[in-house]
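Values reported hereafter were calculated over all heavy atoms of this structure, with side chains retained and with hydrogens, waters and symmetry mates removed. We're numbering straight along the sequence, starting at 1.
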Amino acid sequence: MLYPLKFEPIYKERIWGGNRLRDNYLRMCPDDRPIGESWELSGLDGDLSVVTNGELAGNNIQELIEIYMGELVGDAVFDKFGMEFPVLVKLLDASDILSVQVHPGDELAAERHGAYGKTEMWYVMEADEDSYIYLGFSKNISREEYIDHLNNKTIQSVLKKEKVKKGDMFYLPAGTIHAIGSGVLLAEIQQTSDITYRLYDWDRKDSKGKMRDLHTELAVDALDFGKRNDLCIRTESKKNEVVEAVSSEFFVTNIIEMDGAMERDYSSLDSFVIYQCLEGEIFIETEGGMEYMMDAETVLLPAVFNYAVIKGKGKFLEVYIK
């Protein structure tokens, strides 16, 4: 019998990582290590999320798909993606600025890596007063101009710099050049892919005094050189309403802020549903049982469920495949 599922976070040490997950969310992260990412729900080989609650505890997401197939992920989703869970949910804690980077789209990723591309979205959960991100180019530039800026280490001069605050949301189609600035904690919804091309790393050195590898040649063919004005998600949550933030072929993300109770009808959806709590406390009741989530926790609702009754006070993302 399926039920709302929770998973063990997979913590990733990063040179730019921090301590917010440990200090602000009481996560049991490895001590004294800069944790940059927490993979809350992952179907990537080598990083398969493992169930922590109920009778299925100890099973990983791939084992569950093998057993339950469309009942877990939806028949259409299973037909398209098979054993690979198609959405990766993360928390990112940037104590220092990330590298300037880009992710390839599906076609290029399949050709080069036999994998899916990486389109993603961000929800800013915490941000220092002067925090910012780089997102896309500030103007249309040519391939040659881009290469000149990269060689001269002036690439940031042609990037669009956005000041960020809690509650801001951004959509990053594959091909978008970007970098997260320091002092930002965000939730990330993305395609199941771990392909990143690093373009510039601020001449930073690791603990052994070495610079990280760059992927300048690989990145050129992946980049969108046009200026984009549609990457900031211009919507805000409304109390006790479902507000659509992203609707794409890769995932749909709604933002729900509530104080009370609501019922969600999933009878015609044919997809799993992911809840990622952004703040507050949320109780979830389905045909398969009840579950609870609080700040930064993630819950997976199997596709077999027709409804969910949600109660509490807080804000969360609702994610599924169209």
Side-chain angles (χ1 to χ4, degrees), residues 8-40 42 44-47 49 88-104 113 115 118 120-136 149-157 159 161-164 170 172 174 176-219 222-223 296:
E8 184 71 28
I10 302 169
Y11 296 116
K12 300 286 185 177
E13 184 176 348
R14 298 289 187 251
I15 193 172
W16 42 263
N19 299 311
R20 288 188 196 238
L21 293 176
R22 183 187 303 111
D23 296 343
N24 297 0
Y25 296 89
L26 304 180
R27 293 294 188 94
M28 300 297 290
C29 304
D31 290 338
D32 301 323
R33 296 183 188 177
I35 300 301
E37 301 183 26
S38 175
W39 292 20
E40 301 292 289
S42 166
L44 272 173
D45 284 339
D47 286 296
S49 290
L88 177 53
V89 179
K90 295 180 181 178
L91 299 170
L92 273 67
D93 178 14
S95 179
D96 194 5
I97 190 170
L98 275 68
S99 61
V100 179
Q101 57 190 243
V102 69
H103 309 298
H113 311 283
K118 186 175 175 183
E120 57 192 341
M121 74 152 288
W122 296 337
Y123 178 95
V124 178
M125 297 175 65
E126 296 183 17
D128 293 346
E129 186 175 352
D130 297 322
S131 292
Y132 62 90
I133 61 171
Y134 288 115
L135 190 60
H149 280 293
L150 203 61
N151 290 337
N152 294 325
K153 299 183 179 181
T154 57
I155 189 65
Q156 68 267 34
S157 69
L159 299 182
K161 189 174 183 179
E162 298 272 358
K163 188 173 180 180
V164 296
F170 304 92
L172 291 78
T176 305
I177 192 169
H178 61 276
I180 302 171
S182 62
V184 179
L185 175 75
L186 56 81
E188 180 175 280
I189 308 297
Q190 60 158 92
Q191 290 178 269
T192 293
S193 174
D194 196 31
I195 303 170
T196 297
Y197 297 151
R198 193 180 299 123
L199 314 178
Y200 180 58
D201 200 29
W202 316 102
D203 296 327
R204 175 167 42 198
K205 295 181 180 180
D206 63 19
S207 59
K208 298 180 181 179
K210 294 182 178 181
M211 292 186 180
R212 297 193 294 174
D213 291 337
L214 300 178
H215 313 103
T216 49
E217 292 184 7
L218 289 172
L223 277 166

Any donor-acceptor pair under 3.5 Å from D201 side chain to L214 backbone: no
side-chain hydrogen bond (donor to acceptor under 3.5 Å, both in side chains) partners for Q156, two or more places apart: none
Side-chain donor/acceptor of S131 to backbone N/O of G183, under 3.5 Å: yes
Closest non-hydrogen atom pair between R27 and S38, with its separation: NH1-OG, 3.4 Å
side-chain hydrogen bond (donor to acceptor under 3.5 Å, both in side chains) against D96, all qualifying residues, sequence neighbours excluded: R204
Under 3.5 Å donor-acceptor, S49 side chain and S42 backbone: yes
Aromatic plane relationship, W122 with F170 - under 30° parallel, 30 to 60° tilted, over 60° perpendicular: perpendicular
Heavy-atom closest pair, residues P104 and A222: CA-CB, 4.1 Å
Identified side-chain contact (heavy atoms from CB on, under 4.5 Å) partner of D93 from the options L185, I35, N24: L185
Side chain proximity check, L199 to I155, heavy atoms < 4.5 angstrom: no
I189 side, atom CD1; M121 side, atom CE - distance, nearest 0.5 Å: 6.5 Å
Worked verdict on I180 versus L92 for side chain to side chain contact (heavy atoms under 4.5 Å, CB included): CA-CA 9 Å; I180 302 171; L92 273 67; 3.7 Å; yes
Spacing of CZ belonging to R22 relative to CE belonging to M28, to within rounding of 0.5 Å: 10.0 Å
For the student: nearest non-hydrogen atoms of I195 and K118, plus distance: O-CD, 4.2 Å
Nearest heavy atoms of I97 and G181, plus distance in Å: CG1-CA, 3.9 Å
Donor-acceptor pair, side chain of S99 and main chain of Q101, under 3.5 angstrom: no
Distance, nearest 0.5 Å, that separates NE2 of H178 from CG of L159: 11.0 Å
Spacing of CG belonging to D213 relative to CZ belonging to R198, to within rounding of 0.5 Å: 7.0 Å
D203: salt bridge (Lys or Arg N to Asp or Glu O under 4.0 Å) partners, not counting sequence neighbours: K153
Heavy-atom closest pair, residues P34 and G17: CB-O, 3.5 Å
W202 side chain to L98 backbone, donor-acceptor under 3.5 Å: yes
Side chain to side chain contact (heavy atoms under 4.5 Å, CB included) between L223 and Y197, worked out: CA-CA 10 Å; L223 277 166; Y197 297 151; over 6 Å; no
CE on M125 to CD on E188, rounded to 0.5 Å: 13.0 Å
Partners passing side-chain hydrogen bond (donor to acceptor under 3.5 Å, both in side chains) against D47 (at least two apart in sequence or in another chain): K12
Chi angles and distances behind the side chain to side chain contact (heavy atoms under 4.5 Å, CB included) call for W39, L88: CA-CA 7 Å; W39 292 20; L88 177 53; 4.1 Å; yes
Salt bridge (Lys or Arg N to Asp or Glu O under 4.0 Å) partners of E37, counting only residues at least two apart: R14, K90
Working for side chain to side chain contact (heavy atoms under 4.5 Å, CB included), residues H103 and S193: CA-CA 9 Å; H103 309 298; S193 174; over 6 Å; no
Nearest-0.5 Å distance, NE2 of residue H149 to OG1 of residue T154: 5.0 Å
Those residues that, when tested against Y11, pass ring-ring contact (aromatic ring centres under 6.0 Å, His included) (two or more places apart): none
R20 to V184 - nearest heavy-atom pair and separation: NH2-N, 4.3 Å
